[in-house]
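Accompanying notes for the structure given below.
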There are 2 protein chains.
Amino acid sequence: MTSPPRRPRAVSSVPTVGDVAARAGVSRATVSYTFTQPDRVSPDLRRRVLAAADELGYVGNDAARRLRAGHSLALGLLVSSAANPVYAEIAAGAEAEAAAHGRFILLANSDESAERERAYLSFFESQHVSGVIAAPVGDVPAELLGLRSRGTPFVLVGVAPGPHSYPAISGDNERGGHLAAAHLLAQGRRRLLFAGGPHPHVDLRLAGVRRAVAESGQPASLEVVRVGVQTARVGEEVSRTLLERPERDFPDGIVAGNDLLALGLLHGLIVAGVRVPEDLSLVGYDDIEFADFAIVPLTSVRHPSAALGAGAVRLLLGIEDEQDMQGRFEPELVVRATSLPIAGPQPVSSPPIG
Amino acid sequence: MTSPPRRPRAVSSVPTVGDVAARAGVSRATVSYTFTQPDRVSPDLRRRVLAAADELGYVGNDAARRLRAGHSLALGLLVSSAANPVYAEIAAGAEAEAAAHGRFILLANSDESAERERAYLSFFESQHVSGVIAAPVGDVPAELLGLRSRGTPFVLVGVAPGPHSYPAISGDNERGGHLAAAHLLAQGRRRLLFAGGPHPHVDLRLAGVRRAVAESGQPASLEVVRVGVQTARVGEEVSRTLLERPERDFPDGIVAGNDLLALGLLHGLIVAGVRVPEDLSLVGYDDIEFADFAIVPLTSVRHPSAALGAGAVRLLLGIEDEQDMQGRFEPELVVRATSLPIAGPQPVSSPPIG
DNA sequence: GAATCGCCGTGAATCGATTCACGAGCGTGT
DNA sequence: ACACGCTCGTGAATCGATTCACGGCGATTC
């Protein structure tokens, strides 16, 4: 029996440990131990407490837990762009893995704005999340470092574990870029163009492309077009500037920094009458779901994004360390129509109608 | 001067109201009022407190605030599928609006799993969010009602404010369905097919389609194909079953429950040699970004998804009520190539095979 | 049978921000 | 000059779960 609340609750009061304890006929401490250290209470009592909690619909109060225990069940996930399906996939992977460990993901979308990025990191801190996963735009924001210095660890996703020495988990972007360019060179393409970046991991893809060109032993050229953000809209703009060129300066193979950019490019080129893949081969990056449904299905390099998200969670929770995951996330080339070797006139596939 | 902490913090201790108060030479209460009721403290002191807070990097502790004040700055957003760009758009709109009011969005993705839906709602409750926005699968989960009965309001998004009498915000799906079907009928299509649902708002789209057919005064037929989830993969499957039909049972106009489904259908049909829009007109729903980049750019019905998300936040925060928003979110038909009127005297009833 | 140990449950202090109730200080009307 | 009212700052209680330190009690051992 609790003293009458000064301000009556909106509808019915939320059950607390006290209520559960009263119903189970034990002390509040016992109820708490039942949830946090089940082994500390006898099986008999444990059952009684759990039953009481269940009957009352006890949900706990993470605020109180955090205030006292200092950490919450939530992990923060900061992505730079919710519009990019890759981040959605990373988020999905992270969420599933977190759920498997009774944790939750706080998803924040900075939309490439440094200011919102700061605001969200500050929010994460005020929430005392037990860790932050960041798939950030460019550099590591200073706030992340501040957060870590105050005790909240973080993991970068999609950024190579380079000289920066921050904990990071990433597919091998350099290798993926190499795959893409080697594929084009093997088809006989010689005037390559890379569109994308600057962006830490996109630049790694570019590095891979460069290496493929250098290793090919062929007299191949490589041109680099930088863009601001890598969206479909920007891709279309790039295609327009390309179309203004004289024919001899036109590339015959393009590697795009990501699929959105590639789709925009593809659309712009096709509309202008460029034949893909006859006139030009195109390889995207990320292998988003829509790559398959493009005007011409898009060849792309795939990373196991969901696995990356899950890996980041495992890293934060200390289930695995960076060593354990070395080389587990290998990129894979998914060949579709935008880069099929030219096989004479393209036949319209015959209808499978019976 | 605080007593020495029993367990020293991980790295450096997080500043609290006490620290700020000491630095500013005021009491803890004054610091708190400075943030929660700025008018209550004199401008002079306010400046001093804010300066002290800034110097210390004070971030506050939402756990403590919540514990005492009973509510947090966060709003919960539960979506059923992060893979659907529509929900990403809703989330983006909600996030921006929330940020404008100093609030934050906790984004949870149930991936159409009722169990995870429950888990997340429970998590929201343990977080004492000040409200929940739900874009759920089918019925309103009982947990949502329980949540409300314990004082946390919710708003449904994308579900019509029908007889259920739950607060909801939604585009006019019935009208959107009507737009789509009327468009097809105006082109002379007479054998219509609707693929999608069952799903509350998809069924409203279907109702609109039905009304358009009824109102047309034409001898048009309408067939309905139900699917489980509305993904591109399922769309392809539907296309396969369609292709097994005899020619005379083949539809000449399709309205899809959403764009993912439409893209899958489109892909399956095109690969099989069906000419779109000559043999068959197709209209999707949602107007996702990729509609424009499809094999044949997809005609679609657009709702202002971001505005819906923003509206839901305004509703929860009590900035506007449902009345204020009546009829503000009108659907719009975006005509692209999958439904262009057939140029020239092409017989509408040509067989689906070239 | 007594001493000891370990199991298991409990009372009470605690985390940090909020907010109530109080009062110091000061200006003003008559 | 006195009382009154207003502004603005403060001490202290409070939210709910966690966890420390303690103790009751049954079992084991000599």
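Residue numbers start from 1 in every chain, and the chains themselves are labelled A, B, ... in the order their sequence lines are given, proteins ahead of strands. Atom set for the values below is all heavy atoms of this structure, side chains included, hydrogens, waters and symmetry mates excluded.
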- Query: Does the side chain of B:V20 reach to within under 4.5 Å of the side chain of B:R23, using non-hydrogen atoms?
  - Reply: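 No, too far: nothing below the 4.5 Å cut-off.
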
- Can you tell if the side chain of B:Q127 reaches within under 4.5 Å of the side chain of B:R66, non-hydrogen atoms only?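 Contact flag for B:Q127/B:R66 side chains = yes.
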
Atom pairs under 3.5 Å, N or O on each side, protein against nucleotides 7-11 of chain C: can you list them with distances?
from, atom 1, to, atom 2, distance (Å)
C:dG9, OP1, A:S42, OG, 2.6
C:dG9, OP2, A:S42, N, 3.2
C:dG9, N7, A:R40, NH1, 3.0
C:dG9, O6, A:R40, NH2, 2.8
C:dT10, OP2, A:S27, N, 2.9
C:dT10, OP2, A:S27, OG, 3.0
C:dT10, OP2, A:T30, OG1, 2.3
C:dT10, O5', A:S27, OG, 3.4

Measure [atom1]/[X] against [atom2]/[N] and give the value in whole Å, please.
{"X": "A:R68", "N": "D:dA17", "atom1": "CZ", "atom2": "P", "result": "14 Å"}
{"X": "B:L67", "N": "D:dT18", "atom1": "CG", "atom2": "P", "result": "12 Å"}
{"X": "A:L73", "N": "D:dA17", "atom1": "CG", "atom2": "C1'", "result": "12 Å"}
{"X": "A:R66", "N": "C:dG16", "atom1": "CZ", "atom2": "C1'", "result": "12 Å"}
{"X": "B:Q127", "N": "D:dC15", "atom1": "CD", "atom2": "P", "result": "21 Å"}
{"X": "B:F35", "N": "C:dG16", "atom1": "CZ", "atom2": "P", "result": "16 Å"}
{"X": "A:H128", "N": "C:dC15", "atom1": "NE2", "atom2": "P", "result": "14 Å"}

Under 4.0 Å between a side-chain N or O of [X] and OP1 or OP2 of [N]?
{"X": "A:T16", "N": "D:dG16", "answer": "no"}
{"X": "B:R65", "N": "C:dT18", "answer": "yes"}
{"X": "B:Y58", "N": "C:dG16", "answer": "no"}

Show me the side-chain donor-acceptor pairs of residues 72-79 of chain A shorter than 3.5 Å, one per line, residues at least two apart or across chains.
from, atom 1, to, atom 2, distance (Å)
A:S72, OG, A:A74, N, 2.9

Anything under 3.5 Å between a donor and an acceptor, one on a side chain of residues 29-36 of chain B, the other on a protein residue two or more places apart or in another chain? List them.
from, atom 1, to, atom 2, distance (Å)
B:T30, OG1, B:S27, OG, 3.1
B:T34, OG1, B:T30, O, 2.7
B:T36, OG1, B:S32, O, 3.0

- Message: Using the salt bridge (Lys or Arg N to Asp or Glu O under 4.0 Å) criterion, which residues pair with A:E125? Sequence neighbours excluded.
- Response: A:R150

- In chain order, what residues pass the salt bridge (Lys or Arg N to Asp or Glu O under 4.0 Å) check against B:R103, with sequence neighbours excluded?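 Scan of B:R103 (salt bridge (Lys or Arg N to Asp or Glu O under 4.0 Å), adjacent residues dropped) gives none.
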
- Task: Take the C1' atoms of the five end pairs on each side of the helix from C:dG1-D:dC30 to C:dT30-D:dA1, get both axes, and report the angle to 10 degrees.
- Result: 40°

- Sort and list the pairs that fulfil salt bridge (Lys or Arg N to Asp or Glu O under 4.0 Å) and have at least one residue in residues 75-87 of chain B, not counting sequence neighbours.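 For residues 75-87 of chain B, and leaving out neighbouring residues, there are no salt bridge (Lys or Arg N to Asp or Glu O under 4.0 Å) pairs at all.
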
- Item | All pairs passing ring-ring contact (aromatic ring centres under 6.0 Å, His included) where residues 89-117 of chain A contributes a residue, at least two apart |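 Found A:F104-B:Y120, A:F104-B:F123.
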
Can you list, pair by pair, the side-chain donor-acceptor contacts under 3.5 Å of residues 40-47 of chain B, counting residues two or more places apart and other chains?
from, atom 1, to, atom 2, distance (Å)
B:R46, NE, B:P38, O, 3.2
B:R46, NH2, B:P38, O, 3.4
B:R46, NH2, B:V41, O, 3.3

